[in-house]
Amino acid sequence: MKINQAELIISAVSAKQYPEGGLPEIALAGRSNVGKSSFINKMINRKALARTSSKPGKTQTLNFYQLNESFYFVDVPGYGYAKVSKKEREAWGKMMEEYFVTRESLKATVLLIDSRHEPTKDDQVMYDFLKHYEIPVIVVATKIDKLSKSKKAKHLKIIKDVLELESEDHLVGFSAETAEGKEEAWRYVTSYIQS
């Protein structure tokens, strides 16, 4: 997909701030530092629409990026970052739950997982949560360029097995450096936007 228009519309903390108009939305979830901002920027060919940070836990709002005036990427706060207070984590949890459970224009969630490591407990909880609410999932295994050819398939299989990935969900090895997996990721995202 070619992205000609991309802008951050709002950073929301509650449902009353969500954009209106019912355009389809694809949520992006993952651990802090998994490469969500890099994923967004690579997918839309922008250097810095989504700000990457060396400090994990930077995204503390639901960031609605409108693309081609026809759909949204919704970047949700990263999870599993210890330096955030319990109170803050609970607030994020409520904010995310409200979004995932009530948002009718949410079509699917891209769950980003670092391909170099086994999915964490938090990754598993997130996947199970999405499945519980019957939200389709595209698992994107980031930083795949850091693995040798022989290890890629093995690591993808580990992710699939640990998450107990359901057959209707997709798994894509992705690199923000080399653009590996970008076309495949767009193919899945587009199928949900158009469904």
Side-chain angles (χ1 to χ4, degrees), residues 11-20 22-36 39-40 43 56-57 59-65 71-82 84-115 117-142 155-174 181 184-195:
S11 296
V13 292
S14 72
K16 47 183 187 294
Q17 295 176 309
Y18 300 165
E20 291 173 6
L23 291 178
E25 292 169 7
I26 302 290
L28 305 166
R31 236 159 29 86
S32 297
N33 243 4
V34 73
K36 277 192 297 161
F39 173 79
I40 294 170
M43 289 289 279
T59 303
Q60 300 186 5
T61 51
L62 298 166
N63 294 329
F64 287 80
Y65 295 97
F71 67 98
Y72 289 97
F73 271 172
V74 184
D75 187 10
V76 308
Y79 51 78
Y81 186 56
V84 175
S85 74
K86 190 162 179 262
K87 206 170 161 190
E88 262 185 303
R89 275 205 302 271
E90 279 169 10
W92 291 2
K94 284 197 180 77
M95 178 173 73
M96 283 165 66
E97 190 165 345
E98 176 183 47
Y99 173 73
F100 284 116
V101 175
T102 65
R103 190 64 167 161
E104 280 175 22
S105 34
L106 175 63
K107 299 297 179 197
T109 295
V110 172
L111 178 59
L112 294 105
I113 291 176
D114 189 327
S115 65
H117 310 291
E118 200 173 283
T120 64
K121 261 282 161 265
D122 288 328
D123 292 327
Q124 294 170 54
V125 166
M126 189 72 206
Y127 181 72
D128 293 344
F129 170 84
L130 294 167
K131 295 318 301 179
H132 177 76
Y133 287 104
E134 298 178 357
I135 299 166
V137 182
I138 304 162
V139 176
V140 168
T142 61
H155 281 243
L156 290 174
K157 186 180 185 316
I158 290 168
I159 291 172
K160 206 173 183 165
D161 293 348
V162 171
L163 292 180
E164 297 176 10
L165 201 69
E166 295 186 13
S167 56
E168 71 270 16
D169 292 327
H170 309 287
L171 174 60
V172 181
F174 185 87
E184 195 183 354
W186 266 128
R187 202 165 60 241
Y188 296 136
V189 165
T190 307
S191 70
Y192 288 116
I193 292 166
Q194 292 170 348
S195 67

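Just so you know, residue 1 is the first one in the sequence shown, and it goes up from there.
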Give the minimum heavy-atom separation between [X] and [Y], together with the two atoms involved.
X: Val172; Y: Ala185; value: CG1-N, 4.2 Å
X: Lys36; Y: Asp75; value: NZ-OD1, 2.8 Å
X: Asp114; Y: Arg31; value: CB-NH2, 4.3 Å
X: Glu98; Y: Ser14; value: OE1-CA, 3.7 Å
X: Val34; Y: Thr142; value: O-OG1, 2.9 Å
X: Asn63; Y: Ser11; value: OD1-OG, 2.7 Å

Do the side chains of [Y] and [X] get nearer than 4.5 Å, heavy atoms only?
X: Phe73; Y: Val189; value: yes
X: Pro136; Y: Glu168; value: no
X: Val162; Y: Gln124; value: yes
X: Ile138; Y: Tyr192; value: yes
X: Asp169; Y: Val139; value: no
X: Met126; Y: Leu130; value: yes
X: Lys107; Y: Phe71; value: no
X: Phe129; Y: Glu97; value: yes

I'd like to know whether [atom1] of [X] has more than 12 heavy-atom contacts from other residues, nucleotides or ligands below 6.0 angstrom.
X: Glu104; atom1: CD; answer: no
X: Glu164; atom1: CD; answer: no
X: Lys131; atom1: NZ; answer: yes

How long is the span from the [atom1] atom in [X] to the [atom2] atom in [Y], to the nearest 0.5 Å?
X: Leu28; Y: Tyr65; atom1: CG; atom2: OH; answer: 9.0 Å
X: Ile159; Y: Leu111; atom1: CD1; atom2: CG; answer: 9.5 Å
X: Ile40; Y: Ile26; atom1: CD1; atom2: CD1; answer: 12.5 Å
X: Asp123; Y: Ile113; atom1: CG; atom2: CD1; answer: 4.0 Å
X: Thr109; Y: Tyr99; atom1: OG1; atom2: OH; answer: 7.0 Å

Counting distance only, does the side-chain N/O of Ser105 pair as donor-acceptor with the main-chain N or O of Pro24 below 3.5 Å?
-> no
State which residue, out of Leu163, Val137, Leu165, fulfils the side-chain contact (heavy atoms from CB on, under 4.5 Å) condition with Leu171.
-> Leu165
Full working for side chain to side chain contact (heavy atoms under 4.5 Å, CB included) between Gln17 and Phe64 | CA-CA 10 Å; Gln17 295 176 309; Phe64 287 80; over 6 Å; no
Matching residue for Phe174 among Phe39, Tyr188, Trp186 - test: ring pair (Phe, Tyr, Trp, His ring centres under 6.0 Å) = Phe39
